[in-house]
Amino acid sequence: MASALPLTFSPDVRRALDAGQPVVALESTIITHGMPWPGNLEMALAVEAIIRDGGAVPATIAVLDGKLHIGLEEDRLTHLAKTSDALKVSRADLPFAMATGRTGATTVAATMIAAERAGIRVFATGGIGGVHRGAEESFDISADLDELARTKVIVVCAGAKAILDIPKTLEVLESKGVPVVTFASDTLPAFWSRESGISTPLRLDDPAQIVGFQHARDSLGIDGGMLVANPVPQDHEIPREEMERHISEALQQAEAQGIKGKDVTPFLLANIFEITGGRSLETNIALVKNNAVLAARIASAFPSN
Ligand code: PSU
Ligand code: MN
């Protein structure tokens, strides 16, 4: 099936998929646009190792010189982490990067498309894109939300990034029929913080239940993805009241500098990194690792095919 598609598999991902072994997809925008070198490479390698320890094979997804890679060997991953001019590609620009021979890092939306086409059911990331604060003026709503509505992949995240408008993001997901499941918590996490103050629509406490829920969706022919929100571990969280102050400051700077469109998320993340003296990055890395652990457990809970 996959051979007719324009996908370049790493040998270990190809082998795992052929053998029906668990595979977890990973995005690459977080590497090129979400974290600075060399911490970005350390994070990417550590996350891959965690997935292997969890009994699954990691498949980091990116476009390198026009080729859509499913799984990056270490030299390719290192090259990408050092690339300072990679495109940030979502649904609209993934095929553009391929057609023009460019190097592009995939967002949640583009990674979901590639993962689904490759036959990968589970994907671990940090935070999804969503409805930005002030979206009633800017209309800035991430393509990640539409992708969750149409593409069948389970996305494990630590909630919507707290720089977003979380209640509005939830409303859009609800309208689109995307299930939002919080893992082992009654309240939605807010990325750097365990609590958003918002009750979760759905809660499950066991990876097997998440797979069971997906099977029930499949049995009704319901398309689209599922969002699993996994709170950051307690010893790494930055409390919500403190984060709110940092986020307001970063938002003011974005406004003052006229940052727009796809630059908004990377700008805010870099700014919050500065404001918190690097603490936000430590938390970001901890939560991605935590999501990798859970994603490997979910992928392993699927019956092998
Ligand atoms: N989470 C992070 N760092 C990131 C992102 C998420 O901790 O860099 C990226 C993801 O790739 C997500 C994207 O899909 O930001 C959303 O961007 P936008 O709001 O422009 O759709
Ligand atoms: Mn946007």
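Heads up: numbering here begins at 1 and tracks the sequence. As the structure lists them, so they are numbered: ligands from 1, and atoms in each ligand from 1.
- Taking only non-hydrogen atoms, the option from Lys88, Arg91, Glu27, Met35 nearest to atom 20 (O) of ligand 1 is Lys88.
- Between the side chain of Thr32 and the backbone N or O of Ala86, no donor-acceptor pair lies under 3.5 Å.
- For the pair Thr265 and ligand 1, the shortest N or O to N or O distance falls below 3.5 Å.
- Which parts of ligand 1 touch Gly34 is read off a 4.0 Å heavy-atom cut-off, strictly below it: atoms 8 (O).
- Counting only non-hydrogen atoms, the option in Thr111, Asp144, Ile128, Thr29 that gets closest to atom 12 (C) of ligand 1 is Asp144.
- The Mn ion (ligand 2) is closest to atom OD1 of Asp140 (considering only N, O or S atoms).
- A salt bridge is defined here as a Lys NZ or Arg NE, NH1 or NH2 lying under 4.0 Å from an Asp or Glu carboxylate O, and Asp218 with Lys152 meets this definition.
- Of the polar atoms of Ser142, at least one N or O is found under 3.5 Å from an N or O of ligand 1, judged by distance alone.
- Clustering ILVMFWY residues whenever any of their side-chain heavy atoms sit less than 4.5 angstrom apart, transitively, puts Leu268 in the very cluster that holds Trp192.
- The protein heavy-atom contact nearest to atom 3 (N) of ligand 1 is Leu269 CD1, 3.3 Å.
- Within the 4.5 Å cutoff, no side-chain heavy atoms of Pro189 are placed close to those of Arg194.
- Geometrically, Arg203 does not engage Phe183 in a cation-pi contact defined by less than 6.0 Å to the ring centre and at most 45° from the axis.
- Of all atoms in ligand 1, numbered sequentially from 1 with element shown, those under 4.0 Å from a heavy atom of His132 are 19 (O).
- Annotation: atom 1 (N) of ligand 1 to nearest protein heavy atom, Gly127 O, 3.2 Å.
- Heavy atoms of Asn284 found under 4.0 angstrom from ligand 1 belong exclusively to the side chain.
- Between Arg91 and Glu116 there is no salt bridge, since none of the side-chain N atoms of the basic residue sits less than 4.0 Å from a carboxylate O of the acidic one.
- Using a 4.0 Å cut-off between charged side-chain N and carboxylate O, Arg76 and Glu73 make a salt bridge.
- Between Lys262 and Asp93, at least one side-chain nitrogen of the basic residue sits less than 4.0 Å from a carboxylate oxygen of the acidic one, meeting the salt-bridge criterion.
- Remark: minimum distance from atom 5 (C) of ligand 1 to any protein heavy atom is reached at Lys161 NZ, 3.4 Å.
- At a 3.5 angstrom cut-off on N or O pairs, Phe191 does not count as close to ligand 1.
- Side-chain contact between His132 and Ile141 is absent, with no heavy atoms from C-beta onward closer than 4.5 Å.
- The distance criterion of under 3.5 Å between nitrogen or oxygen atoms is met by Val108 with respect to ligand 1.
- Listed by number with element, the atoms of ligand 1 under 4.0 angstrom from any heavy atom of Thr107 are 11 (O), 14 (O).
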